[in-house]
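Below is one structure, written out as structure tokens; the observations come after it.
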Amino acid sequence: MGDKNLGVETLSEATLNRLGYMLDNLECGWKQLAKAVAEQPQFCYSDKELTDCSLKVLSPHGSPGRYLLALLADRGCTLAFLLQCLKKIEHREAVGFLTTHVMEQIDITLQPQSQRVPERSPVVLSCRAVGPVDLTYQWFKGKDEVPRGNGPELVLNPVSPAQQGPYICRVSSGDKYVFSNWAHVRLVRSGGASAGSSSDYFPSSASGVYITRQPRPQVLMEGDTLYLECTAQANPPPQFQWYLNKQPMPNCTRSILKIPCITTADRGTYCCKVYNLYHEAWSDQVQVNIGPGSFSDASWEAPKVGVSDAGPRQMGDCCATDKVALLIGNMNYLHHRQLRAPMADVHELTNLLRQLDFKVVSLLDLNWQEMHSAVTEFLLLLDRGVYGLLYFAGHGYENYGNSFMVPIDAPASYTFKHCLWVQDVLQRMQERQTGLNVFLLDMCRKRNPNDESIPQPGPLRVTANIVFGYATCVDAEAFEVNKDDLSNGIFMSFLKKRLMEPEKVTVILDKVAEDMGRCEITRGRQALELRSNLSERRALTDSIQAPACQVTASTRNLQWAIAHVLPECCCLQFECGVKVQLGFAAEFSNIMIIYSRILETPKDIVSCSAQLSDFTEGPEVDLKHSNQESLLEAGSLLLSMDDLLPLEQPQLFTRISALQRLKKELSFTVCLHYKYTNLDEEVLEEQRVSVGKPLVSKLNLHEPRLSHTSSSDRQNSSIMESSSFSESFRANLPDLNPSSIRSASTSWSCYQGPMESPTFSSLKNEPEETICPEYFESEEPPAIKSLPSASSQELPFKFSNLPNSI
């Protein structure tokens, strides 16, 4: 039988209409179904909604049953729950139809992935499906059947040039069949990337898949929890598939495999396949024994009295209840020199931390209010045992041991009251009883000579869990590499090479410091400084163990997820017969890309294009770079989707930044320009589109937050009550479903194409990150992330002493 966890929204329009027709009766129909589904609170509808349902009979083609199904789909009703309710009201016709014609359909659960491999390397294409019990598989290369390709996996070992090309799998049962997505097998030259595209300092985007933590054998009792972990480093980010006894495990596609309440059916040999679009690697095969009774009594030893059974532990000595990171990169300063490195640095760190299961909020170019609001929202994601990481790249300074991050709207004569105080953020993080507090500050630490105020933070808890990683030492600058359209800070250039290692955080930063010390260009100019009181061997690679209070954890997960929801893709039908698709992507948590493309064009129209204009006030849209034919021309230097959209269907891209300044729903006009065959004049049609408040705009970072006056007030405030986010949280909670949640900087909304699954095959996780030889040979020092050096008499501003508060 097919996957019952699929939503009602996955049913076709014809199927929904047929079910709606069956429910349009008085004795056993939609009213009885509405009462049955109301057992679940999220499906309890108001009198007004039920009245609207009844009034559908007045429409020529209206159907109350169909309208109720639409309501259920909007709130994430699953096919399993719908079938359960239909059985409860004894609607045999609908139950039979749903079971026979829908849930026995063939559904592909694992699509084959395109791969680029060296010649004579092994290639494994996998396709898995659920449905009737007699499923058969047949692989094709182009239109030709592949000999002996009649299984769910197609193995090409070794692959030869003749085996390059597109592959597709047909899954059938009787006269029913479906085809998988196309997967392309391409060979690459051995020896890595093309000349000049990489160096020892910046690995190329085609570097292999490296497994950094292998799963370990386990000996468990029935009822225990099986916990296996396989972590890896790859670019693009790796994907995971767990196998039990050489068979892929459905829905086990994360780095951590957790099976609660195991039985003897779970014993066997486990391994994990780690892959991306270019490479794949296999973990060690490990044996999991379940006893007693899982194997012969002679080999089973009962635990000795007095010896504690530690149980399976993949996490090492420490684990986190969750991992949360706030990354801020300020580049486009209003009154100070603009920077180039923060965009690439934040994007780089975002992708790496996501591979370590961090919930990442990545923001560019924040003003004072937005920085304070972002930190407040970040603190709401922290709780007991959570690992919190704050990264800042931009202008900064340090006075008397206090570090300050400079927002983009800081005046020329800024003091600490115009900045974000790092030690204050630390104190507030400690009050959330976090398990680890990591600060990575990629900014200058020159003293501000005219800011003599010494703010005094409150007493810090003795928690022994604080790590400060400064990109440079006291009274020194931090450098960035100015190269091409992207640049990296020196600190991030070395940090990214070490971040994924399963070592204590302080050990990682020590290695980064040593690496920087061997770099000729920064020797004597920039040296990493580490401050820490970390007493435990806590690492960023530590596993996540769910806390005892699942309600708090679930609320925190939903709070983060809602702020990372992209609009659903949509199709617009114009009166002339042209059909236009709008799609959405997240470059950062506050930067979104919109693309428009023509899906259908009548034969009498010779040319047409869909352009976007008249955006809601607040976010920033560069009109000169909007509606461009490539992402690069639209101003997006980090994303690429050339392999995802069909080349024969041109598309236009528009980049929207500063979404945190959106005060109402984002709307814009789609302008369709087209010409008929027998007319020279261009015709214009317009449609207004509203897509709600996407991504971080739901947090209303432009609004002031309540003052954090006392620790007791902060401790008594709850996640749902401490923030202006709560109203948005409650308003959007019914609409939230996993399919609508997409991570910023790595996701595109709702493109269903015939090629790879919607992940970037050429996502520039390490964009142009090559320090060229000319860079090291140059006598000119690199750019500095600070204001130009000057004496106090030369500075064009004055400083004054102010009260010790922000």
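The first residue of the sequence shown is numbered 1, and numbering continues consecutively from there.
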Q) Closest approach of Val505 and Val438, non-hydrogen atoms and distance? A) CG1-CG2, 4.3 Å
Q. Is there a side-chain contact between Gln660 and Ser373 (heavy atoms, below 4.5 Å)?
A. no
**Q.** Check: Thr350 side chain, Val360 main-chain N or O, donor-acceptor pair, under 3.5 Å
**A.** no
Q) Is there a side-chain contact between Ile328 and Met405 (heavy atoms, below 4.5 Å)? A) no
Q.
For a 4.5 angstrom cut-off between non-hydrogen side-chain atoms, does Phe584 reach Ile594?
A. yes
Q | Residues Phe615, Thr654; criterion side-chain contact (heavy atoms from CB on, under 4.5 Å); working and verdict | A | CA-CA 11 Å; Phe615 287 86; Thr654 299; 4.0 Å; yes
Q. Do the side chains of Val422 and Phe392 get nearer than 4.5 Å, heavy atoms only?
A. no
Q.
For the backbone of Leu366 and the side chain of Asn330, can you confirm whether one donor and one acceptor N or O come within less than 3.5 Å of each other?
A. yes
Q) Any donor-acceptor pair under 3.5 Å linking the side chain of Tyr391 with the backbone of Gly329? A) no
Q. Are the side chain of Asn590 and the backbone of Val696 linked by a donor-acceptor contact shorter than 3.5 Å?
A. no
**Q.** Which atom of Asn465 lies closest to which atom of Gly435, heavy atoms considered
**A.** CB-O, 3.5 Å
Q. Between His336 (side chain) and Pro411 (backbone), is there a donor-acceptor pair under 3.5 Å?
A. yes
Q.
Using the rule given for side-chain contact (heavy atoms from CB on, under 4.5 Å), can you reason through Asp383 versus Asp322, listing the C-alpha separation, both sets of side-chain angles and the distance that settles it, and then say yes or no?
A. CA-CA 8 Å; Asp383 203 352; Asp322 205 349; over 6 Å; no
Q) What do the steps show when you test Arg538 against Val467 for side-chain contact (heavy atoms from CB on, under 4.5 Å), and what is the final call? A) CA-CA 10 Å; Arg538 294 192 178 271; Val467 177; over 6 Å; no
**Q.** Side chains of Leu495 and Leu528 in contact at under 4.5 Å (non-hydrogen atoms)
**A.** no
Q) Between the main-chain N or O of Ala344 and the side-chain N or O of His347, is there a donor-acceptor pair closer than 3.5 Å? A) no
Q: Evaluate the side-chain proximity of Leu381 to Lys359: yes if any heavy-atom separation is below 4.5 Å, no if none is.
A: no
Q.
Using 0.5 Å steps for rounding, measure from the OG1 atom of Thr506 to the CG atom of Asn533.
A. 10.5 Å
Q. Does Asp515 pair with Lys511 as a salt bridge, N-O distance under 4.0 Å?
A. no
Q: Please name all residues satisfying ring pair (Phe, Tyr, Trp, His ring centres under 6.0 Å) with Tyr387, sequence neighbours left out, ordered by chain then number.
A: none
Q.
Is it the case that the side chain of Asp409 and the backbone of Trp368 share a donor-acceptor pair, with hydrogens and angles ignored and the cut-off at 3.5 Å?
A. yes
**Q.** Separation of Asn399 CG from Arg445 CZ (nearest 0.5 Å)
**A.** 11.5 Å
**Q.** Spatial distance of atom OG (Ser403) from atom CZ (Phe439) [nearest 0.5 Å]
**A.** 9.5 Å
Q. How far apart are the closest heavy atoms of Arg447 and Tyr400, and which atoms are they?
A. NH1-OH, 3.9 Å
(Q) For Leu327, run the side chain to side chain contact (heavy atoms under 4.5 Å, CB included) check against Leu389, Val361, Leu390, Asp345 and tell me which one passes. (A) Leu389
Q | Worked verdict on Met516 versus Val512 for side-chain contact (heavy atoms from CB on, under 4.5 Å) | A | CA-CA 6 Å; Met516 291 177 62; Val512 174; 4.1 Å; yes
Q: Would you check if the side chain of Lys496 reaches a backbone N or O of Leu352 as a donor-acceptor pair within less than 3.5 Å?
A: no
Q: Heavy atoms only: give me the nearest Gly401-Glu398 pair and the separation to one decimal.
A: CA-OE2, 3.7 Å
Q | Under 3.5 Å: donor-acceptor pair, side chain of Thr434, backbone of Val386 | A | no
Q | Shortest non-hydrogen separation from Leu662 to His702 and the atoms involved | A | O-CE1, 3.6 Å
Q: Kindly compute the distance separating CG (Leu364) from CD1 (Ile591), expressed to the nearest 0.5 Å.
A: 4.5 Å
Q | Interatomic distance, Met429 atom CE to Leu436 atom CG [nearest 0.5 angstrom] | A | 8.0 Å
Q) According to the interplanar angle, ranging from 0 to 90°, do the rings of Trp421 and Phe404 count as parallel (below 30°), tilted (30 to 60°) or perpendicular (above 60°)? A) parallel
Q: Could you pull out the closest heavy-atom pair between Arg688 and Thr669, with the gap in Å?
A: NH1-OG1, 2.7 Å
Q. Is Val324 close to Leu382 at the side-chain level, that is, under 4.5 Å between some pair of heavy atoms?
A. yes
Q) Can you list every pair that meets salt bridge (charged side-chain N to carboxylate O under 4.0 Å, His left out) and has a residue in residues 652-661, with sequence neighbours left out? A) Glu370-Arg661, Glu587-Arg655, Glu620-Arg661
Q) With a 6.0 Å cut-off on ring centres, are His335 and Tyr414 close enough? A) no
Q) Judged by atom type as modelled, is there a donor-acceptor pair below 3.5 Å linking the side chain of Ser667 to the main-chain atoms of Thr616? A) no
Q: Could you tell me the separation between the CG atom of Leu612 and the SG atom of Cys671, rounded to the nearest 0.5 Å?
A: 8.0 Å
Q. Tyr333: what forms a ring pair (Phe, Tyr, Trp, His ring centres under 6.0 Å) with it, not counting sequence neighbours?
A. His395
Q: Answer yes or no: is there a side-chain heavy-atom contact under 4.5 Å between His372 and Leu420?
A: yes
